[in-house]
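First the structure, in the form of structure tokens, and then the observations on it.
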Amino acid sequence: MAPPIRTVRLILGDQLNIRHPWFAQVDDSVLYLMAELHQEAGYVRHHWQKLLGFLLAMRQFADTLRAAGHRLHYVRIGDAASQLPLPEVLRQILTEHGAARFEYQQPDEYRLDQQLLLFSQSLPQPGEACDSAHFYTRRDELAACFPGDTPLLMERFYRRMRRTHGILLDGAAPLGGRWNFDHDNRKKYKGTPPVPPALSFARDVSALLAEITTAGVSGFGQIDATAFPWPANRDEALAQLAYFCQHLLSHFGEYQDALHSEQAFLFHSRLSFALNLKLISPAEVINAAVAQFQQQPAQISLAQIEGFVRQILGWREYVRGVYWKAMPEYSQLNQLDNHHPLPQMFWTGHTRMRCLHLALTQSLRHAYAHHIQRLMVIGNFALLSQRHPDAVDAWYLGVYIDAIEWVELPNTRGMSQYADGGLLASKPYVSSGSYINKMSNYCAGCAYQVKARTGHDACPFNSLYWRFLDDKKAHFAGNPRMAMMLKLLADLPADELAAIRARAGEIMADPDRF
């Protein structure tokens with residue numbers, strides 16, 4: 001007979017870390033709880049692939065725990081308990097088993113953090129939260145590095161991380177004499193070298209999809225339920241990592257900002273989903289990539305590996321720190337006072353703007369887009385056309401399979417939409433059509449002329465860009481990084497600016513016509 005349950009431990013859907021200290025030993029007095037809840041499936045509208053990916057990975061993790069001998073209570077999306085709020089599910093389980101102790105790992109979303117903190121405090125014996133044992137940094141570490149109003153300089157944080165963890169160093173100096181090879185990471189992809197085919201796990205998830213829809217959960221986007229491509233367990237995540245290191249890393253850095261109509265993934269790792277569910281750790285990812293670089297110095301240049309390390313060790317840890325330093329106020333910021341709703345094209349991909357059509361269609365088809373597609377195509381359009389950051393946040397959080405609020409919110413509201421007024425980025429990441437044309441083949445064959453500012457066939461990004469600068473010039477008047485563009489704006493002839501504003505106004509009012 002199994003001993004009575006003394007402790008209930010909660011595992012959230014993005015805490016699938018089998019290497020967590022919790023699981024080092026089997027304790028029959030501990031009951032683990034995992035739950036597929038409607039509160040999580042419905043707080044924003046999610047892409048079908050995101051819904052399926054989370055539930056599939058959770059169920060496979062549950063199987064791993066059971067196989068290791070751990071006691072587990074699992075709530076499925078069709079169970080009656082799945083309709084309840086998380087605190088009520090926890091209260092029922094604690095009461096049912098007469099457990100005196102509740103433990104949980106620190107959540108990575110403020111919403112859940114507050115929900116669990118309040119629940120824990122309501123118990124006769126307050127629950128205990130522990131670290132998720134995944135990240136390089138603690139939640140509050142960035143705030144300690146940048147106290148008060150100290151500028152949150154990512155490069156400074158990144159260099160500190162490199163030194164602290166001894167990554168790509170030559171003694172105390174950066175390997176190769178430079179910390180950052182970003183200038184070498186901006187090549188346009190022109191069809192060569194050939195891109196290896198994306199690794200796909202092609203699992204049939206038709207039964208799970210039917211279970212989700214029967215439970216009344218709705219999603220959006222496209223899904224081939226007979227060939228679900230994403231890694232759903234640790235072994236598959238490690239296979240994805242090995243594939244990246246062996247076949248893609250050698251060209252990752254130089255083409256990480258490139259855009260190409262026939263290449264959805266280029267040389268990107270597609271590891272963010274597995275990382276953000278904690279199937280693998282950032283240290284495992286970086287160590288594997290650095291080891292491959294050391295084994296193949298003739299094939300993998302320092303610029304390739306540094307660009308990848310910067311994404312994981314620098315940016316990923318940095319945005320998490322910003323999130324926990326700035327929440328909850330951060331989620332309400334709208335410093336540029338933008339209020340337009342998202343156009344329908346964000347759910348259909350239907351637009352004559354070829355760059356936007358390609359980026360949106362890819363997002364809806366794959367639940368994936370790399371950072372430049374998210375930032376400089378979709379996010380650029382949303383900011384230039386002055387969409388409300390709440391609407392932009394909700395769409396990004398729902399559409400991408402790797403989107404969890406700690407990483408999505410700073411990237412979207414801060415980096416992409418500049419709604420934080422410059423806390424994360426010193427200038428807004430906006431451009432006319434010229435940047436997209438420089439980094440992609442998207443403009444070839446477009447209905448619009450990338451160099452024209454006015455007229456029926458002028459690229460909408462051009463008129464939107466200059467109108468955005470004109471509308472927000474008072475806000476950017478003291479920003480030295482905007483001074484040159486504001487000077488060019490001031491030099492525009494009045495009649496040309498009026499024509500630009502008129503065309504941009506038409507696009508902003510009804511973007512689905514364009």
Side-chain angles (χ1 to χ4, degrees), residues 1-43 51-109 111-113 115-134 205 207-208 211-212 214-217 232-234 277-279:
M1 178 181 294
I5 300 298
R6 295 196 302 267
T7 301
V8 171
R9 287 176 172 172
L10 174 67
I11 304 170
L12 296 173
D14 64 341
Q15 295 177 341
L16 310 185
N17 177 12
I18 198 62
R19 291 187 160 191
H20 192 277
W22 272 0
F23 310 121
Q25 293 182 334
V26 173
D27 185 344
D28 285 341
S29 71
V30 173
L31 179 69
Y32 291 97
L33 170 65
M34 298 180 69
E36 302 168 1
L37 299 182
H38 284 253
Q39 77 161 45
E40 298 307 299
Y43 71 98
L51 290 166
L52 284 158
F54 268 74
L55 269 59
L56 178 63
M58 288 171 67
R59 292 184 183 194
Q60 297 223 348
F61 189 77
D63 290 343
T64 300
L65 290 181
R66 292 189 187 102
H70 297 287
R71 298 176 72 176
L72 175 70
H73 182 94
Y74 196 97
V75 177
R76 291 188 172 228
I77 196 66
D79 297 343
S82 72
Q83 301 277 356
L84 300 173
L86 177 58
E88 186 58 31
V89 175
L90 289 167
R91 200 175 302 280
Q92 286 187 4
I93 296 298
L94 286 164
T95 301
E96 177 184 342
H97 292 280
R101 185 171 182 80
F102 170 59
E103 297 178 356
Y104 64 101
Q105 298 174 35
Q106 290 178 327
D108 286 312
E109 289 201 3
R111 169 184 60 89
L112 283 170
D113 189 63
Q115 191 178 41
L116 286 171
L117 180 62
L118 291 173
F119 170 75
S120 178
Q121 292 172 344
S122 74
L123 298 174
Q125 180 178 333
E128 181 177 319
C130 65
D131 194 271
S132 64
H134 170 78
V205 293
L208 179 56
E211 193 175 337
I212 292 172
T214 300
V217 175
N233 56 55
R234 179 169 170 79
L277 265 61
K278 303 182 180 63
L279 294 171

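Just so it is clear, the values below take in all heavy atoms, side chains as well, and ignore hydrogens, waters and symmetry mates.
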*Using atom types as modelled and distance alone, determine if a side-chain donor or acceptor of Gln15 lies under 3.5 Å from a backbone N or O of Gln105.*
yes

*Arg9 side chain vs Tyr32 backbone, donor-acceptor pair below 3.5 Å*: no

*Does some side-chain heavy atom of Leu16 sit less than 4.5 Å from a side-chain heavy atom of Gln60?*
no

*asked:* Quick one, Phe23 and Ile11 - any side-chain contact, counting heavy atoms below 4.5 Å?
replied: yes

_Using side chain to side chain contact (heavy atoms under 4.5 Å, CB included), reason through Thr214 and Glu211 one step at a time and then give a plain yes or no._
CA-CA 5 Å; Thr214 300; Glu211 193 175 337; 5.8 Å; no

*Distance, nearest 0.5 Å, that separates CG of Asp27 from CH2 of Trp22*: 12.5 Å

*Does a side-chain heavy-atom distance below 4.5 Å link Arg101 with Arg6?*
no

*For residues Ser120 and Gly127, report the shortest heavy-atom separation together with the two atoms involved.*
OG-N, 2.7 Å

*asked:* Rounded at 0.5 Å granularity, tell me how far CD in Glu109 sits from CD in Glu40.
replied: 7.0 Å

_Run Glu88 and Gln83 through side chain to side chain contact (heavy atoms under 4.5 Å, CB included) and show every step you take._
CA-CA 10 Å; Glu88 186 58 31; Gln83 301 277 356; over 6 Å; no

*asked:* I'd like to check Val26 versus Asp28 (side-chain heavy atoms, cut-off strictly below 4.5 Å). Are they in contact?
replied: yes

*Taking all heavy atoms of Ala99 and all of Val8, pick out the closest pair and write down the distance.*
CB-CG2, 3.9 Å

*Is the backbone N or O of Asp14 less than 3.5 Å from a side-chain atom of Lys278, with the two atoms forming a donor-acceptor pair by type?*
yes

*Test item: Phe119 and Arg91 side chains (from C-beta on) under 4.5 Å apart, heavy atoms*: yes

_How close do Pro107 and Leu116 get, counting heavy atoms only, and between which atoms?_
CG-CD1, 3.6 Å

*Which heavy-atom pair separates Val217 from His38 by the least distance, and what is that distance?*
CG2-CE1, 3.7 Å

*Starting at OG1 of Thr7, measure out to CG of Leu31 and round the result to the nearest 0.5 Å.*
10.0 Å

*In Å, rounded to the nearest 0.5 Å, how long is the span from OH of Tyr43 to CG of Leu112?*
7.5 Å

*Residue list, salt bridge (charged side-chain N to carboxylate O under 4.0 Å, His left out) with Arg71, at least two apart or on another chain*: none

*asked:* Tell me the closest heavy-atom pair linking Leu90 and Phe102, and the distance in Å.
replied: CD2-CE1, 3.6 Å

*More than 12 non-hydrogen atoms from neighbouring residues, nucleotides or ligands closer than 6.0 Å to CD on Gln25, yes or no?*
no

*Begin from the C-alpha positions of Val75 and Leu84 and carry the test side chain to side chain contact (heavy atoms under 4.5 Å, CB included) through to its verdict.*
CA-CA 11 Å; Val75 177; Leu84 300 173; over 6 Å; no

*Determine the minimum heavy-atom distance between Phe54 and Leu277, stating which atoms define it.*
CZ-CD1, 3.5 Å

*Backbone N/O of Leu86 and side chain of Gln39: donor-acceptor pair under 3.5 Å*: yes

*Going by heavy atoms in the side chains, are Leu33 and Val89 under 4.5 Å from each other?*
yes

*May I ask you to decide if Asp131's main-chain N or O and His20's side chain share a donor-acceptor pair within less than 3.5 Å?*
yes

*Any side-chain heavy atom of His134 sitting closer than 4.5 Å to one from Asp108?*
no

*Leu123 vs Leu94, side chain to side chain contact (heavy atoms under 4.5 Å, CB included): CA-CA, chis, key distance, verdict*: CA-CA 10 Å; Leu123 298 174; Leu94 286 164; 4.1 Å; yes

*asked:* Checking side chain to side chain contact (heavy atoms under 4.5 Å, CB included) between Leu208 and each of Ile77, Leu56, Leu51, which is the one that passes?
replied: Leu56

*Side-chain touch Ile18/Leu279, heavy atoms, less than 4.5 angstrom*: no

